[in-house]
Structure formats: C-alpha cells, structure tokens
Amino acid sequence: MTLLTTWPESGPETVVRRTSDPAEIAAALAPIGVRYEQWPIREDVPADADSDTVFASYGPEIDKLNAEEGFTTVDVLGLHPSDDPGFPAKAKAAREKFLQEHTHDDDDEVRFFVSGSGIFYLHVNGEVHAVFCEKGDLLGVPRSTTHWFDMGTSPAFTAIRFFHEEDGWIGSFTGSTIASQFPDYDTIAAGYEADKAAA
C-alpha cells in the first residue's frame, strides 16, 4: 500500500487529497507530468541486496524503461541501519542532502524502490504532494519540478536510480524553507503504519 497526501502550499492544515489507491495516485499525479507505477515485487531479493543482485532480478523492467525513456545511467542506492559507529552521521548527512527543496534542471528524477520506503514531496501549481513510496513503487519526477525527498531519521531502503545525464544526481536548491513546514517522513510513516494496522 502506497500513500498520496496533497495539501495547499500554504500549509498542512487542510488535506486536499489522501489516498492509497494506486490507480487514483497515478491519475492524480499524471496532470503534473509525474509517472507513478508499480512493478512486480521480487520476494527473493534481500532488502539490502547488492547492485548485481538487483540488476539481475529486475533486468526486464530496467531494460523496458530504458528503451522507453533513453536513460544512459542506471545505478543502485542503498542505505540500511548497521552496527557501524559511523552510520548515524552517514544517515543524517544523506537525509539532509535531499531534504531541502530543489529541482533538477537537466534530468528527470526516476526511482524504483526495491525495498524500504521514502517520501517524495512535489511542490507544483500551488500544492504539495507527499508520495509515500515503498517496495514495488516507481516514481518519475520531471526535470525542473520543485521537490524534496525525506528518508527519515533511520533510513532503510534500496532504490534503482535512472539518469539521462552521465553526471548523475545534480540538484539546484531553491533556498526555500517550505520542507520544514510539512509533516516529515517519520510523522507520515507513523500514521501510515497505524492505518495499515487498522485495515
């Protein structure tokens, strides 16, 4: 189950939309050019699988998307809790890098979640859309779309990243503090888990 929550950009006091229906999510995001779809889940792929395992398991889907979109670079990004004393600092730095509002001027941002979860916040046409993505979800954010990403205070995810540019992830930060005005990953995830438990 994935979750889309939409608010006015003025703040989260009013909820414009809240749905966990994949078809409704895709339909709501399509008008702003955002691609949302679900790929078959490979249950035999470990949560912290290495790149070779991920590529071997999702090869057909990767090849199909590359043929459709002409991506030049595909990689795997994983961040999972560990006993490494340096993990908390690494996780904090990774989170802070993506948490500020930004755009990508020369590339789309396309991610498929192999495991775990994260939230893309899309700031478009006077609204903020929080797309809670988890295992099996693919999200494609068009270039120049204002957004940010939150992986939470204890990140745990593996994602396939697709790029048209060989330089990979390059963000242009807006300087806005809007990200701090909306519920963060931990807040939304807690409510999301409560919803699933009650379902």
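Here, residue 1 is the first one in the sequence, and each next residue gets the next number.
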Going by heavy atoms in the side chains, are [X] and [Y] under 4.5 Å from each other?
{"X": "Cys133", "Y": "Ile119", "value": "no"}
{"X": "Asp150", "Y": "Ile188", "value": "no"}
{"X": "His104", "Y": "His147", "value": "yes"}

Hits for side-chain hydrogen bond (donor to acceptor under 3.5 Å, both in side chains) against Lys64, two or more places apart or cross-chain, chain-then-number order -> Glu68
Hey, mind stepping through Phe112 and Glu61 against side-chain contact (heavy atoms from CB on, under 4.5 Å) and telling me if it holds? CA-CA 10 Å; Phe112 171 71; Glu61 289 84 3; over 6 Å; no
Interatomic distance, OG1@Thr73 vs CZ@Phe162, rounded to 0.5 Å, equals 11.5 Å
The complete set of side-chain hydrogen bond (donor to acceptor under 3.5 Å, both in side chains) pairs with one or both residues in residues 80-89, sequence neighbours excluded, reads His80-Thr158
What one should report as the nearest heavy-atom pair of Gly152 and Asp186 is CA-OD1, 3.6 Å
**Message:** Checking Leu79 against Phe87 for the side-chain contact (heavy atoms from CB on, under 4.5 Å) test, could you report, in this order, the C-alpha distance in whole Å, the side-chain angles of both residues, the deciding distance, and whether it holds?
**Reply:** CA-CA 9 Å; Leu79 196 58; Phe87 177 78; 4.1 Å; yes
task: Check step by step if side-chain contact (heavy atoms from CB on, under 4.5 Å) holds for Leu139 and Leu29.
output: CA-CA 10 Å; Leu139 194 73; Leu29 297 178; 4.0 Å; yes
For the hydrophobic clusters of this structure (ILVMFWY residues joined by side-chain heavy atoms under 4.5 Å, transitively), does one cluster hold both Leu65 and Ile41?
no
**Prompt:** In terms of hydrophobic clusters joined by side-chain contacts under 4.5 Å, are Trp7 and Leu3 together?
**Reply:** yes
Run the side-chain contact (heavy atoms from CB on, under 4.5 Å) check on Thr145 and Val124 step by step: do they pass? CA-CA 7 Å; Thr145 301; Val124 184; 3.6 Å; yes
